[in-house]
Visitor: 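Right, I'll just put the structure down here and ask away after.
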Amino acid sequence: MSTTEVRAGREAASLPVARAGSRRASAFLARRSLKAHRRAWAAVFAAAGAAAALLGAFALVIGSLLLAQPPVERYAGADAVVAAGQKVSYTAKPWGGEPATVTAYLPERVRLDRGLVAKAAAAEGVASAVADDSVPVVLGSGAAATGRSWPSAALTRYELTGGRAPGAADEVVLDAALAPAGTGPGDTVLLRAGGPARPYTVSGLARSDRDAGPAVFFTEARLTSLGGHPGTVDAIGVVAAPGVSPAALRASLDAALPGRAGGVEIRVLTGAERGEGEHLDALGGRGDLLALLGSVAGTVVMVALLVISSTLAQAVHQRSAELALLRAVGASPRQLRSAIGREAGRVAVSAAVLGGIGAVPLGLLMRSVLTTEVLPLPVPVWLPFAAGAVGAALVALVARPVAMLAARRITRLRPSVAMAAAGAPEPGDPGRVRTVAGLLLALAGASSAGFATTQGGQAAAVAASGSATSLVIAVALLGPRTARVAVRVLGAPLRRGAGVSGFLAARSTAAHVRRLGAALTPVVLVTAFVCVQLGASSTLERAGDRQAAAALRADLMVTGPAGGLPSGAADTVRATPGVAAATGVLRSAVVLAHREAGEPVLERLPVLGVTADQLEGTLDLGVTAGGLGALRGPGTVAVGADRAGSLGAGVGDTVELRLGDGTRVAPKIVAVYERALGVGDFVFPREALTAHVSAVRDQAVLIRTDGPGSGPVASALREALAPYGAVRVGPAGDGAVRAAPATSGEDDAMIVIGVGVIGGFALLAVVSTLALISVGRRRELRLLRLVGAGRGQVTRMLLLETALVAGAGLALGTLVAAVPLTAFSVALAGSAPYMEPARYGVLVLAVVVAAAAGTLLPGRRGR
């Protein structure tokens, strides 16, 4: 302890013992100690500032998501939009609780009865009501567009720039931005909409001040024929009479229209809500993102609290001798704890303010990863200030009580005992309460992992995540004990194989296992977190790819543009010589209502609709019960084995589902198959889905050729499919049968945020914690130099200690991650966990560099 610090302790001891005097003494000690220990507090400052920035950034993104609304583009010219409700609900009673209701958004368009158009037009204050439908259209050049009726052009404020409205079934108005160069009224264009390409006469060109995507306008009768659902409409656009406010228009439409029609909820959308009528799944995607962000944000809070607590505890622990001496010369426990709390509070508040400012650019960066054209995330002026304040407040409120708690052991000693404690070696074991808590958390983590192996779907993921969190905290609580094990395992090789430096490194780590445990905690944290994040996605993706490849029996496939293949393409393929079997693949989704751990859940699952009569020649689903030959008609379905097991259903049973547009069905299970990760949990006959999808378009046609080579058949297919425009014939790929990618865009964004942002914060925690420890070791390093250790020997000793910390932390972190990952992989993929070696190598390199930076740079003056 320096002369200044001893003098400060004596002055503090001579202050009055009254409460006001005690506060003055605590403030005096805090001021003097902050100056004396500014290097140690710098590490706490860095950890607290980064934590505040991270928490504030998540608050900004979550707040922006809560405020997000899909943009109004297609219906910019409408004052109101009448659309069907896109949500379904499910009510069930959890175990031992009150009934709970959950909701989910439907992935396919729920359509309205066409008779509602006339009722909307007759409502008071309505100038006009227009039926709005759409069909995918592809120009002869391959450009994709949306086909709409000319009356609906007013809803997007399209105006003719030349020519006239279409008047016959073979006439169209082209979006001026879409029209080929030199095309004008009277010219002919080749369009494919619902069948082979055919010529249409351009009756006019139109332009809009809104970017709602390229459009082609038909007569209303022609579009209704192309849409294939003459009795229903996608939505109804309403234009108000002059002087009618949006509120009055909504009230009038609510009065004129029924609340429900044909079992479909009818919604009147005005203002910013109109975007919900054109972007079906925007709010559903927002809900999914909020759920994912909420889960990650919970992890962020845990990581931030663990890092701040660990750093503060180490900063206080390194001053145990000083605090004991102050206690011995008369400072009261209350004065010391208050002084430590004031120090930590001042450092944390200043760091939190800086971190709150840094939360704004970090939050905007995270927002840019999540923002899509369908759901732009708004950032009102007040939101960055509020988000930064949230992060700063959380850190500032936590720091002081944590620091005071960390100082409790040494400050409560009697003065006579404190003097002896000042020179005593550090305790090698955590306290009894800490040990018991660590063991209980380790047991809870192992139990949660075991529970995950018995579950499926989201329940397994939640259980595995809880297991990882419990095990990481358990390692932090049991740090000295785990450090002692690491020293026993790695210390002997250091002593034998690294000479004097190895001997010094082994003895130093053995004598300071508490310090080593504090160093291991952030390394274990970053290793376990990154391995869980990357390993879970890699395991599912790898298993799904393998199952999809094993299921594929086709050697050719036909694909089209993003809108899919038109009707008739599959029939043309089957009629082509050399084709032994051809299966059209239609993608959709269903909503399954069930319970997980007693809680009601609505789960959206991607499904395939297939042409079943030739399925066995193109796909092998790995059927374990029943047969795909019975997959006929809308009332049948094939189910994956894991899903059938979780539902307690088998061949001959029925399963209750909601199709993509909310229609309730209870198809009979005719087959159970193994390769559900590759092709999805449910496979329907194609005709069971065609009336319930937004657009009846096959995403691919799988082809099994009859003969030794597929080249001649591919040439014949290209010639036969030439009238259908820009279709492609090529080798079959497993992507055609994947019901959905193993990781969606939202999942990829979460991985970027989780690994990039949170992993970066955890690495910063590694640097700051090790830097704090290195600053506290300067006197130890100087003493080694004084007793004869060379500079090179001391440097090599530090390098070996760094290697021990990094190696032990990586091993422990990998083991901690392996427990929940194995449970997750067994439950969902039926295989061992997998992580790409290159990714793990990058993680190892990042940990080693961070550990070296935290250990070597701060201690260079002491050498």
Side-chain angles (χ1 to χ4, degrees), residues 107 288 452-465 532-554 583 585-592 594 596 601 603-610 615 618-626 628 631 637-647 649-650 655 657 669 671-684 699-700 702 732-748 750-751 820-836:
D288 293 342
T453 60
T454 66
Q455 301 297 306
Q458 188 65 23
V462 171
S465 176
V532 168
Q533 289 289 316
L534 295 180
S537 61
S538 296
T539 299
L540 282 184
E541 186 172 359
R542 186 178 188 228
D545 288 341
R546 286 183 170 182
Q547 290 190 13
L552 193 64
R553 291 291 179 269
T583 301
V585 179
L586 177 68
R587 297 185 188 276
S588 185
V590 297
V591 178
L592 174 65
H594 63 111
E596 286 188 351
V601 174
E603 192 173 0
R604 297 199 314 179
L605 301 168
V607 298
L608 298 181
V610 297
L615 181 62
T618 55
L619 280 178
D620 178 8
L621 303 182
V623 174
T624 59
L628 296 176
L631 194 64
V637 68
V639 183
D642 289 342
R643 181 63 64 181
S646 67
L647 296 175
V655 55
L657 299 168
I669 299 175
V672 175
Y673 56 88
E674 293 181 321
R675 294 173 177 143
L677 281 180
V679 299
D681 284 329
F682 297 95
V683 175
F684 286 84
Q699 270 60 52
L702 302 176
D734 54 20
V737 300
R738 289 293 297 270
T743 54
S744 64
E746 290 86 358
D747 293 335
D748 291 338
M750 288 299 101
I751 291 174
L821 273 179
T822 300
F824 175 81
S825 302
V826 169
L828 295 184
S831 64
Y834 171 77
M835 182 175 174
E836 295 180 12

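Computed from a predicted structure; not experimentally measured. These values consider heavy atoms only, across backbone and side chains, with no hydrogens, waters or symmetry-generated copies.
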Visitor: Are any of the side-chain heavy atoms of Val610 and Leu631 separated by less than 4.5 Å?
Guide: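 Side chain of Val610 against side chain of Leu631, heavy atoms only: contact under 4.5 Å found.
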Visitor: So, for Ile669 and Ala649, which heavy atoms are closest and what is the spacing to 0.1 Å?
Guide: CD1-CB, 3.7 Å
Visitor: Is the backbone of Gln699 close enough, under 3.5 Å, to the side chain of Arg587 for a donor and an acceptor to pair up by distance?
Guide: no
Visitor: For Val532 and Phe824, run side chain to side chain contact (heavy atoms under 4.5 Å, CB included): C-alpha distance rounded to whole Å, both residues' side-chain angles, the deciding distance at 0.1 Å, then the answer.
Guide: CA-CA 10 Å; Val532 168; Phe824 175 81; over 6 Å; no
Visitor: With a cut-off of 6.0 Å (strictly less than), are more than 12 heavy atoms of other residues, nucleotides or ligands near CZ of Arg553?
Guide: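 Atom CZ in Arg553 is crowded, with more than 12 foreign heavy atoms closer than 6.0 Å.
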Visitor: Atom CD of Gln547 and atom CG of Leu552: how far apart are they, to the nearest 0.5 Å?
Guide: 13.5 Å
Visitor: Over all heavy atoms of both residues, which pair between Ala551 and Val679 is shortest? Give the atoms and the distance, please.
Guide: CB-CG1, 4.3 Å
Visitor: With the side chain counted from C-beta on, respond yes when Val672 and Val623 share a heavy-atom pair under 4.5 Å apart, and no when they do not.
Guide: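 They are not in side-chain contact.
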Visitor: Looking at Thr539 and Tyr834, what are the two nearest heavy atoms and their distance?
Guide: OG1-N, 2.8 Å
Visitor: Going from CG on Leu615 to CG on Leu702, what distance comes out if it is rounded to the nearest 0.5 angstrom?
Guide: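 Atom-to-atom, Leu615:CG and Leu702:CG are 9.0 Å apart.
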Visitor: Can you measure from OG (Ser831) to CG (Leu540) and round to the nearest 0.5 angstrom?
Guide: 8.5 Å
Visitor: Using a 3.5 Å distance criterion without hydrogens, assess whether the side chain of Tyr673 forms a donor-acceptor pair with backbone atoms of Asp681.
Guide: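 Answer holds: yes.
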Visitor: Do the side chains of Glu541 and Arg738 get close enough for a salt bridge, i.e. N-O under 4.0 angstrom?
Guide: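 Looking at Arg738 together with Glu541, the answer is no, because their closest N to O distance does not fall below 4.0 Å.
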Visitor: Does some side-chain heavy atom of Pro107 sit less than 4.5 Å from a side-chain heavy atom of Arg604?
Guide: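 Yes. Closest side-chain heavy atoms under 4.5 Å.
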Visitor: With heavy-atom distances below 4.5 Å as the criterion, would you say the side chains of Leu657 and Phe682 are in contact?
Guide: yes
Visitor: Compare all side-chain heavy atoms of Asp642 with those of Leu677 and state whether any distance is below 4.5 angstrom.
Guide: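 The answer is no, as the side chains (C-beta and beyond) never meet within the 4.5 Å cut-off.
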Visitor: Could you check if a side-chain atom of Glu836 sits within less than 4.5 angstrom of a side-chain atom of Leu534, using non-hydrogen atoms only?
Guide: no
Visitor: Passes side chain to side chain contact (heavy atoms under 4.5 Å, CB included), Arg643 versus Val655? Steps please.
Guide: CA-CA 11 Å; Arg643 181 63 64 181; Val655 55; over 6 Å; no
Visitor: Any side-chain heavy atom of Val683 within less than 4.5 Å of one from Val637?
Guide: no
Visitor: Taking all atoms of both residues into account, what is the closest heavy-atom pair of Ala671 and Leu628, and its distance?
Guide: CB-CD2, 4.0 Å
Visitor: Quick check: closest heavy atoms across Ala832 and Ser825, and the distance to 0.1 Å?
Guide: C-CB, 4.0 Å
Visitor: What pair of heavy atoms forms the shortest contact from Leu821 to Ala536, and how long is it?
Guide: CD2-N, 3.5 Å
Visitor: With the side chain counted from C-beta on, respond yes when Leu586 and Leu608 share a heavy-atom pair under 4.5 Å apart, and no when they do not.
Guide: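 The answer is no; the side chains never approach within 4.5 Å.
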Visitor: Between CD of Gln533 and OG of Ser538, what distance do you get to the nearest 0.5 Å?
Guide: 11.0 Å
